[in-house]
Participant: 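The structure under discussion is supplied below as structure tokens; questions concerning it will follow.
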Amino acid sequence: MDLRPNSDEARDIAYHFHSYTNPRLHEQNGPLIMDRGEGVHVFDTHGNKYIEGMSGLWSVAVGFNEQRLIDAATRQMSKLPYYHNFAHRSHGPAIDLAEKLVSIAPVPMSKVFFTNSGSEANDTILKMVWYRSNALGKPEKKKVISRIRGYHGVTIASASMTGLPYNHKSFDLPLPGILHTTCPHYWREGRDGESEEQFATRCAEDLDAMIQAEGPDTIAAFIAEPVMGAGGVVVPPKTYWEKIQAVLGKYDILLIADEVICGFGRTGKMFGCETYNIKPDIMTMSKQITSSYFPFSAFMMTEEVYAPIADEAGRIGVLGHGYTGGAHPVGAAVALENLKIIEERDLVANAAERGAELQAGLAKFVDHPLVGEARGVGLIAALEIVAPEGRAEEFAPGKMGAGMGAHFLKNGLISRNMTDAMAFCPPMIIKAPQIREILSAVEKSLEGFAAELAA
């Protein structure tokens, strides 16, 4: 690490306050600085090559140097570099993208609202849900239920819906009226002798009991990812979504599907809702919508959700909400081209096929003494790393994951440890040899880490 006063590393430490980083540790260790990307690989400023096993942050579907997206952004910059959608204004890319998203939705949707990040989208959704309840003359119907370990963003409202401790501690979160029910992680939360289906039934019963305890007339919505991402790649147990939706239907509670990670092919279908036969009232989208070449997000809503909101805004005289960068023409143009690439190259099918290879390869590591579970669907997966037998008390939560992550880097693989779960979410353009490259790096890393721990 070059920490001379004028080096990039030293200047990063001096001036750059990082997201999701231990600031004091960063002051000691400095950054890993990336310089360029090529396909599924990225290169640091020292010329080291890594396979980007996380697609950046679950998001670069088409790889790191897709010229068509660069060209789409350049064309739009040259034609109309910015405009907004306030006060009846619009522009072609926003109209085209809204129509496209509604056309590919897994259930009939009515309208699309554009925002700039997944956090912003979910934050806005909470406001819209409250607004709608007021419009319906149900001012008491405001509470939202999320799940323990669910991830929905980091703004005040979206972080409240997130169910992870480090998003709440010292932030004075969650807000009142945001509740968290059982995490559907069968490997960790299932009881001895309990089948997946029985565990799914218990999850649904827990949700039902929470609704009854709070009062069904006070619950407006339930928000959840089809597959949990940042909470550790938690794949729902068999029959889970069928049973959860039955509970919501019984009490007239809206279902918000957070497709920020799952959407646009990650699970082997265009949307995670299709993979699990989920019928949402609202859907959040970001990340892969532009392959993160441009900050952009959106949510879709059914007519049943939209109509009361529109009526209330009509009564008041205006919808008092919007973002300067919402529906940004460059972002919309990049999103449209990105979706064309996903469809033309059949990347959703590729995610299913390459994903099956990834899942099968990772499953072979479950007999390794440092692996507790392999899980995933499509091109999203995780390996749960566990301490050597009899030594669990030596390792605080996250220490095994951090150690494994360091070995991954040594072997040219970028992952992300979510506590002790190592995540995999490679670009959807990945080919079979590159899946083997990931699996080879995992194998080398497991052996190297095991040897280190035994020394």
Side-chain angles (χ1 to χ4, degrees), residues 20-22 51-59 146-152 162-167 180 182-190 196 199 203 224-237 240 258 260-262 266-267 272 287 355 358-389 391-392 394-409 411 413-426 435 438-439 441-446 448-450 453:
Y20 279 93
T21 300
N22 181 327
I51 189 164
E52 231 305 351
M54 281 298 295
S55 297
L57 282 174
W58 322 85
S59 54
S146 179
R147 299 179 297 179
I148 297 167
R149 288 171 59 190
Y151 188 86
H152 303 291
T162 289
L164 295 166
Y166 54 75
N167 294 110
H180 296 87
T182 310
C183 175
H185 189 181
Y186 176 61
W187 178 77
R188 186 173 294 280
E189 306 295 338
E196 277 194 53
F199 174 58
C203 288
E225 306 149 276
V227 176
M228 284 184 169
V233 185
V234 176
V235 179
Y240 173 82
D258 185 330
V260 168
I261 287 176
C262 296
R266 179 58 56 187
T267 64
K287 293 190 184 290
L358 177 65
Q359 305 298 338
L362 292 174
K364 293 179 181 178
F365 296 122
V366 293
D367 292 330
H368 193 281
L370 297 185
V371 175
E373 184 190 29
R375 55 183 181 266
V377 60
L379 276 178
I380 180 171
L383 278 183
E384 189 80 28
I385 307 302
V386 296
E389 188 174 358
R391 296 178 58 188
E394 298 177 34
F395 301 93
K399 190 172 181 181
M400 289 297 296
M404 184 59 69
H407 279 271
F408 278 7
L409 274 181
N411 289 301
L413 172 63
I414 291 176
S415 176
R416 181 183 179 191
N417 71 293
M418 300 161 300
T419 312
D420 293 312
M422 305 307 299
F424 302 89
C425 186
I435 294 290
I438 289 175
L439 296 172
V442 172
E443 184 174 21
K444 290 176 185 176
S445 299
L446 284 168
F449 195 25
L453 292 170

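Since the structure is predicted, the reported quantities are computational estimates derived from the model, not experimental observations.
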Participant: Going by atom types alone, do E373 and H185 pair a side-chain donor with an acceptor below 3.5 Å?
Facilitator: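 Their side chains do contain a donor-acceptor pair, which is all the 3.5 Å distance test asks for.
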
Participant: Do side-chain atoms of R266 reach the backbone of G272 as a donor and acceptor pair under 3.5 angstrom?
Facilitator: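 Side chain of R266 to backbone of G272, a donor-acceptor pair under 3.5 Å: no, none is there.
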
Participant: Is a donor on one side and an acceptor on the other found under 3.5 Å between the side chain of D420 and the backbone of E384?
Facilitator: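 The answer is no, because no donor-acceptor pair under 3.5 Å joins these two groups.
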
Participant: Please list, chain by chain and in numerical order, all residues satisfying side chain to side chain contact (heavy atoms under 4.5 Å, CB included) with A360, sequence neighbours excluded.
Facilitator: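 Here no residue qualifies.
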
Participant: Any side-chain to backbone donor/acceptor pair from Q359 onto I380? Under 3.5 Å, distance only.
Facilitator: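 It does hold such a pair.
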
Participant: Who are the side chain to side chain donor-acceptor pair (under 3.5 Å) partners of S415, not counting sequence neighbours?
Facilitator: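 Checked S415 against side chain to side chain donor-acceptor pair (under 3.5 Å); zero matches.
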
Participant: Could you tell me which residues satisfy side chain to side chain donor-acceptor pair (under 3.5 Å) with H180, sequence neighbours excluded, listed by chain and number?
Facilitator: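 Here no residue qualifies.
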
Participant: Sequence neighbours left out, what passes side chain to side chain contact (heavy atoms under 4.5 Å, CB included) with E394? Give chain and number order.
Facilitator: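 With neighbours one apart ignored, the set is R391.
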
Participant: Residues in ring-ring contact (aromatic ring centres under 6.0 Å, His included) with F449, at least two apart?
Facilitator: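 Counting only residues at least two positions away or on another chain, F449 forms a ring-ring contact (aromatic ring centres under 6.0 Å, His included) with H407.
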
Participant: Where is the tightest heavy-atom contact between P184 and C203, given as atom of each residue plus distance?
Facilitator: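 Closest pair (atom of P184, atom of C203, distance): CA-SG, 4.1 Å.
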
Participant: With sequence neighbours excluded, tell me which residues meet side chain to side chain donor-acceptor pair (under 3.5 Å) with T419.
Facilitator: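 Listed in chain order: nothing, the list is empty.
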
Participant: Take a 6.0 Å sphere around CD of E189 and say whether it holds more than 12 heavy atoms from other residues, nucleotides or ligands.
Facilitator: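 It does: E189 CD has more than 12 such atoms within range.
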
